[in-house]
Amino acid sequence: MDTPMQRRSDASHVRPVLIALAVLLFAGHIHADQPSQPAISAAEVTIPQAPYAQVILDFDVPAAEPVSPLFTQWRYMGGMRDGRMRMDQGLGLREPGGYLAITDGVLKGTFEHMRRSSRNDARLATITIDARVNGNQIEGTAQIGEHHGKVTGQIMPDAALTRSNALPHDKGWPSFLGPVNTGVAAQSTGVKLTETPSAARLIWKTEETDIGHGIGAISRFMHTWPHASTTRTSTGSSSPILAEGKVFFSYYVPSAARENPARLAEFAEASGLAVADLPDYAKEKIDLAADDIVLAVDAATGKTLWKAVMKGRGINHQHHKEGPFNMTPAYHDGRVFAIGMSGALYAFAAKDGTPLWETQLGSGRAMWSASVVALPGVVVAPSGGVWCGFDPDTGNELWKSSIRFVNAAVAVWQHQGKHYIISGSGGNLIWDGTAEHIVCLDAITGAEVWRGDIPDHPAAIYSAGRGSGPGGITIHGDHLIAYTLHVSADAASRTDRRNSAKQGVSAWKLSLHGIEKLWDIRGENLSNGEHLPVVLRDRFVVIGDLRVIDLATGQVISQGSGVKPGNGGYLQAMEDMLFARRDGTHGSIETGIYKVDENGQIRDLLDGAAWRPSFGGATTSYHHPIMYPMLDGRVFLRQSDGIYCWDFRAESRQ
C-alpha cells in the first residue's frame, strides 16, 4: 500500500536562506549600491520542505559474536523525509551511517551503526533491511553480517504526531533555568501527570543525526586513538530550550576545514592504518575547527524546522572535565540568542532562522561557562569576564556589570512590570576568604539597585561544584531561595575555612529596597553544591535532601527518601512532579520521580529506584549542568544521540 512518503528527498526540498536577503530584511535602509556585511558571517540556514514522519524500527536478529548481544534485540528511531531516512552511524557526526528509502511500498537500505554495552564495549556493524510497508506498519527481514532476523516498526506521520502531542505555544522553558520567576519549574497547564513513571511514552527523536553527547567522563581525552575510534563525538554541553511550540538547541560539530596533521600521524601509528585510511568518525574528534549550529525543532513531532550552520566559526573541543559546558541559548519575543564556540553572540528569527545580527563577546574557556538570558529590551551574556547587557535589536552593548560569571546563569526577578538581574558578587569563602553579596541590577540599564549581605556574614552562595553550577539562586515571585555556605569568622587559612564550612538554605523577600531574610535552615548534606532549590505548587521549596519546606514560613512540611541529586545531579519540577537527577557525570540518566501533594507531603513514585530512559542512552556533563525543558507533561531530554521527547501525561491522546 502506498504511503504519504514515497518521493525521494533531495536538495530541492531544502531552501537556503540567503544572507544578503537576511541583511535586507534586517536593515532595510541599506542602499543597493552600498557594500554591506552579512548579518552573521558564514551562516547558512536550511528549512526542510519535504513531507516528514517519525519512524521506529525494532530489530530481532539472533546472532553469535561479534554482534551479539548488542545487536540481537534493539530499537532505532529517527525522522524520515519524503520516504528517505538518514541513519545515524553512532560514532561520528559528519557522515551518516547510510540511508533507508521507501520505493513502491518497500523499505530497503544498508547502513553502518554502532551500539555500546559499556564504556569499553562498542561494536560497529553493517545492517541491511528489506521490509514491506503496509499502511503505517513495517515488517520484513534484517541482516547483520551473516546473521538473519526480522525488523518490525511503524511510521508516524507528521499530522498524527501533531494531533496527539501538541503543546501550548504561549508557554515554554525559554532559558536554561526555565521561565522567569517560576523557581526552576515548568509553567502550569493543569495537566494530570502519571503515577507510574515506567509508563512514560517516548514520542520522538530529533531527525538531525549530528547531535553528540555532552562533555563528560565517557569522552575522556578523545585525542587518543582508542577513545576516538569507539566513542561518540561530543558537541558541547548546552541544554535545549522550549518556546513557541519549538525546541531550540545550540551546539557545534567538528569541521574538516582545519585538520590536525600531528594528531593524525599519532592516530595512524596507534591504529596501524595509513593516514588516508583513518575513519572520519575518529579524525573529526581531533580536527581543530568546528561549525557553530543553532537548531529549531517542532516540539510536537521532532521534525527540523530550520538549521543555521556557521561554517568554520567554532572551535572543536573534545575533552573530559573542561571546555564548552554551557552556552545554552535563550528565547524572547520571536528571537533566539546563542553563543558560539568562538565567542560570538548570534541572534536569529525564531520563526524561520533568518540571521539578524552577531556581536563578539570574547573567546576562550571563559566564554564557555555561561548561558544566555533574554528579556524585554535586553540580552544578558558574559563578556570580558563579567555579565553584560546587549540590545536585542542590534547586538550593541548596553551595559557592563562588575559581576563575574562564576555560575552558568544569572537569576531573573520580575517585579512591577520590570526585570532585574540577581546574582552573587563572586566571592569565594573557601579559596580566597572573600565573602559574598547578593546583587540586584536593573536589567535594562545595568545600574546596581541594591546589594545585600547573606545571613551570618561572612557567607557565600553555595553553588558551583567542580564545574559551573546552574546559577546558585532560585527566584519565585518576590522570593529568593539559595543554598548558602558559612565559615567560622576566625578561620584564617583555606584549610580552616574548608573544615569549618557549614551548609544552609535561606529564603529572602525581595523588594526594590533590598532583601529581607525570611528563614534560614542549617544542616549537613542539604546540597551537592550544583543544583538549585525547586519550587512546587507555588508554595513549597524542595531541597537536595528531599525536604519539603513551606516557602512563606520556612516550616519543614515533610521529608522524602529516595534518589537525591548527587554527582552532577539537579532538581526540576513540573506540575506536582519533582525530578531528582542523581548523576549526570558518568554516562547515565538516573532520576528519582516524586509527587508533592497540596498539603506538601512528598511521595516517591519509584520506591527508592531510579527512572532511566528505556531507549536513547544518556548524555554526560561532568558537573556541567544540562537541564531538561518541561511543559504540559512533556520532558525534552538531551540524550547520547539527539533530543528525545518523553510523555509523562496520565492520559495521552492517541
Side-chain angles (χ1 to χ4, degrees), residues 4-5 7-17 22 40 43-56 76-89 93-97 99-101 155-162 165-167 169 172 202-212 235-236 238-253 291-311 329 331 335-336 338 346 348-355 616 629 634 636-639 641-645:
M5 297 148 306
R7 289 173 297 162
R8 182 169 178 171
S9 176
D10 55 37
S12 66
H13 294 102
V14 178
R15 175 168 60 89
V17 178
I40 295 178
E44 295 182 5
V45 180
T46 55
I47 302 177
Q49 297 293 307
Y52 168 86
Q54 185 78 193
V55 177
I56 296 177
Y76 185 92
M77 192 172 188
M80 174 178 279
R81 289 283 182 174
D82 211 6
R84 191 166 188 250
M85 185 175 182
R86 177 184 169 120
M87 305 299 286
D88 183 16
Q89 185 230 37
L93 306 175
R94 293 198 299 238
E95 299 295 330
Y99 291 89
L100 302 179
I155 298 172
M156 297 177 289
D158 188 352
L161 279 170
T162 299
N165 199 45
L167 285 96
H169 284 212
L202 177 57
I203 304 296
W204 54 253
K205 171 187 177 289
T206 44
E207 65 174 303
E208 300 302 322
T209 60
D210 62 353
I211 298 175
T235 55
S238 292
S239 304
I241 61 170
L242 175 67
E244 292 186 356
K246 304 178 182 72
V247 175
F248 299 100
F249 185 55
S250 174
Y251 61 112
Y252 68 92
V253 171
D291 298 337
D292 287 334
I293 299 175
V294 178
L295 176 69
V297 172
D298 184 84
T301 67
K303 70 179 177 182
T304 297
L305 297 174
W306 56 263
K307 184 178 185 179
V309 179
M310 281 58 73
K311 287 189 172 296
Y331 165 91
R335 289 170 286 191
V336 178
Y346 303 121
F348 296 90
K351 179 181 179 181
D352 57 11
T354 297
R634 265 59 60 86
F636 300 89
L637 296 186
R638 181 183 175 184
Q639 296 182 233
D641 58 357
I643 300 167
Y644 290 77
C645 175

Search all heavy atoms of [X] against all heavy atoms of [Y] and return the closest pair with its distance.
{"X": "A338", "Y": "S250", "value": "CB-OG, 3.7 Å"}
{"X": "T301", "Y": "Q54", "value": "O-NE2, 3.8 Å"}
{"X": "F248", "Y": "A350", "value": "CZ-CB, 3.7 Å"}

Would you say [X]'s side chain and [Y]'s backbone share a donor-acceptor pair under 3.5 angstrom?
{"X": "T206", "Y": "G642", "answer": "no"}
{"X": "T304", "Y": "W306", "answer": "no"}
{"X": "W204", "Y": "M77", "answer": "no"}
{"X": "Y331", "Y": "V247", "answer": "no"}
{"X": "R634", "Y": "L167", "answer": "no"}
{"X": "R638", "Y": "G212", "answer": "yes"}

Checklist entry - Is the shortest distance from a Lys or Arg side-chain nitrogen in E207 or R81 to a carboxylate oxygen in the other one below 4.0 Å? => result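 Between R81 and E207 there is a salt bridge, with a charged N closer than 4.0 Å to a carboxylate O.
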
| said: For the residue pair R84 and Y99, would you count it as a cation-pi contact if the rule is NZ or CZ under 6.0 angstrom from the ring centre and within 45 degrees of the ring axis? | reply: yes

Applying the side chain to side chain donor-acceptor pair (under 3.5 Å) criterion to Y251, which one of D210, D292, T235 satisfies it?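 It is D210; the other options fail the test.
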
